Amino acid sequence: MEGEIKNFIMVWASALLLLWYCHMVGKIISKGVIRFFAILPVILFLFYLPLNLFTIWLGGPTSFFLAWLANFKLLLFAFGQGPLSTSPVPLSLPYFISLACLPIKFQQVPQKSVDKEVSKGSGHKSPLNHGLKIVVLAISAPIYLQKDHIHPKMVLLLYCVYLYIGLELVLAVVAAFARVYLRLELEPQFHEPYLATSLQDFWGRRWNLMVTSILHPTVYNPVMSISSRLIGRKWAALPGVLASFLVSGIMHEIIFYYIGRKKPTWELTCFFFLHGISLAIEIVIKKAFNGKWQLATVVSRLLTLAFVVATAMWLFMPQVLYADFDVKARRECIAFVNFVKDIITIDSRFKSFIAVTEG
């Protein structure tokens, strides 16, 4: 654990220096190809840095923030687009670095609104909402402890629940810290995905919205722009959707490799490309009916949830087990507890030593 923490500090110190360099490049070199080639070595190095971390809790978020978020935002920045490109006044260095590798919006939050601003379709949740999810997690935890006696499909379903609730609760804690202490607005990442009425609704407005927000300008928009000239604007969205899901699948393969260090099986890519194809079909059907006919909300929600869960248990969640996420997470939690105990023991011994020498 101690060695991993040192590596973690080294990785992020290197990342901060690289992002400082990019900030300087933005001041010196105009947007375009030359700026892109000036930033390209940084992009490649940010792909390399997560390879120095081996834990889920430190390596997982770091690989996502640096290899995916930061790199995609830097690609946009190279051509004068995206959140890092502000005109005429450039971002300050602290804002540039924070915005590059974290899912945040720079929005000053008035003190009176900190407790009042709850979702109006924004994805912000009430304490009661998070409390209910904690209860669900606590109730289902004992079931997981008996997983050796439970059908494997049921275990995968539990993993789906843990994955969603765990991600949302962790991001909720970070969001609360950012809003109260940093006066910054964390982008809402989930908006009750189990209430989605379609795949468009699920992926576009409810699930892991930070990925949606970065794939849209880096993949979807460019592909749609090219497609509109080739096949017309009516169907230009379809290649954009397929390309976005394909890139998302590949990036998930990379993130899973960082964490598990196992050869990709490409099932993750298949999962996302399958959803891309399904969403494209959904778009075609919607255009064909042109809003004249649609399923009842309850039916559409059930069908959407069933499709997402079934395909996740088929292609996505087995990769979580293949990468030993559960085993590593449990082992790392135990290692962290022991690490804290050792620190406390050393601290108490040191105080005892001081007391004896002073006596």
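As the structure is a computational prediction, the values presented were derived from the model and not from experiment.
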Donor-acceptor pair, side chain of T304 and main chain of R301, under 3.5 angstrom: no

Inter-residue atom distance F271.CZ - Q319.CD, 0.5 Å rounding: 11.5 Å

Which atom of Y220 lies closest to which atom of G240, heavy atoms considered: CD1-C, 3.5 Å

ILVMFWY cluster, W57 and F64 together (side-chain gap under 4.5 Å): no

Pairwise distance CG(L74) to SG(C101) - rounded to 0.5 angstrom: 9.5 Å

Pair F77 and F96, ring centroids less than 6.0 Å apart: yes

Aromatic ring proximity, centroids under 6.0 angstrom, F307 and H275: yes

Expected output: side-chain R233 to main-chain S228 donor-acceptor under 3.5 Å: no

Smallest separation among heavy atoms of L246 and F273, with atom names: CB-CD1, 4.1 Å

Test side-chain contact (heavy atoms from CB on, under 4.5 Å) applied to F256 and L268, step by step: CA-CA 9 Å; F256 271 53; L268 292 170; 3.5 Å; yes

Ring geometry between Y164 and W207 (parallel below 30°, tilted from 30 to 60°, perpendicular above 60°): tilted

More than 12 heavy atoms from other groups under 6.0 Å of CH2 on W314: no

Side-chain heavy-atom pair D201, L195 within 4.5 angstrom cut-off: no

Sub-4.5 Å side-chain heavy-atom contact between Q200 and K286: yes

Shortest non-hydrogen contact from A323 toward K262: CA-CD, 4.4 Å

Evaluation steps, salt bridge (Lys or Arg N to Asp or Glu O under 4.0 Å), between D324 and K328: CA-CA 6 Å; D324 296 326; K328 293 185 68 174; over 6 Å; no

Hydrophobic cluster identity match, W203 and L302, side-chain contacts under 4.5 Å: no

Donor-acceptor contact present, side-chain S14 to main-chain M10, <3.5 Å: yes

Nearest-0.5 Å distance, CD1 of residue I285 to OG of residue S198: 11.5 Å

Within-4.5 Å side-chain heavy-atom neighbours: P239 and I231: yes

Parallel, tilted or perpendicular: ring planes of F316 versus F272, cut at 30 and 60 degrees: perpendicular

I250 CD1 to W266 CH2 distance, which is reported to the nearest 0.5 Å: 6.5 Å

Linked, directly or transitively: L46 and L16 (ILVMFWY side chains, under 4.5 Å): yes

Main-chain N/O of L49 paired with N52 side-chain donor or acceptor, under 3.5 Å: yes

Side-chain touch V223/S227, heavy atoms, less than 4.5 angstrom: yes

Flag, side chain of R206 to backbone of H191, donor-acceptor distance under 3.5 Å: yes

In one Ile/Leu/Val/Met/Phe/Trp/Tyr side-chain cluster, 4.5 Å: L93, I28: yes

F54 six-ring centre to R261 NZ/CZ under 6.0 Å and within 45° of normal: yes

Donor-acceptor under 3.5 Å (Y322 side chain, M317 main chain): no

Connected via hydrophobic side-chain network under 4.5 Å: L215 and L75: yes

Any side-chain heavy-atom pair of V247 and F72 under 4.5 Å: yes

Heavy-atom pair with the smallest gap, counting every atom of I214 and T218: O-OG1, 2.5 Å

From CA spacing to verdict: side-chain contact (heavy atoms from CB on, under 4.5 Å), W235, K287: CA-CA 10 Å; W235 304 111; K287 286 182 179 291; 3.5 Å; yes

Flag side-chain contact, heavy atom, 4.5 Å: P217 against Q81: no

Over all atoms of both residues, closest heavy-atom pair of S248 and V211: OG-CG1, 4.4 Å

Min side-chain heavy-atom separation L315-L274 under 4.5 Å: yes

Sidechain-backbone polar pair: H216 side chain, T212 backbone, donor-acceptor under 3.5 Å: no

Atom pair CG (L53) and CG (L66), whose distance is rounded to the nearest 0.5 Å: 9.0 Å

Minimum heavy-atom distance A38-V25, with the two atoms named: CB-CG1, 4.1 Å

Atom pair NZ (K27) and NE2 (H23), whose distance is rounded to the nearest 0.5 Å: 4.5 Å

Side chain to side chain, S278 and E282, heavy atoms closer than 4.5 Å: no

Within 6.0 Å of OH in Y48, more than 12 heavy atoms from elsewhere: no

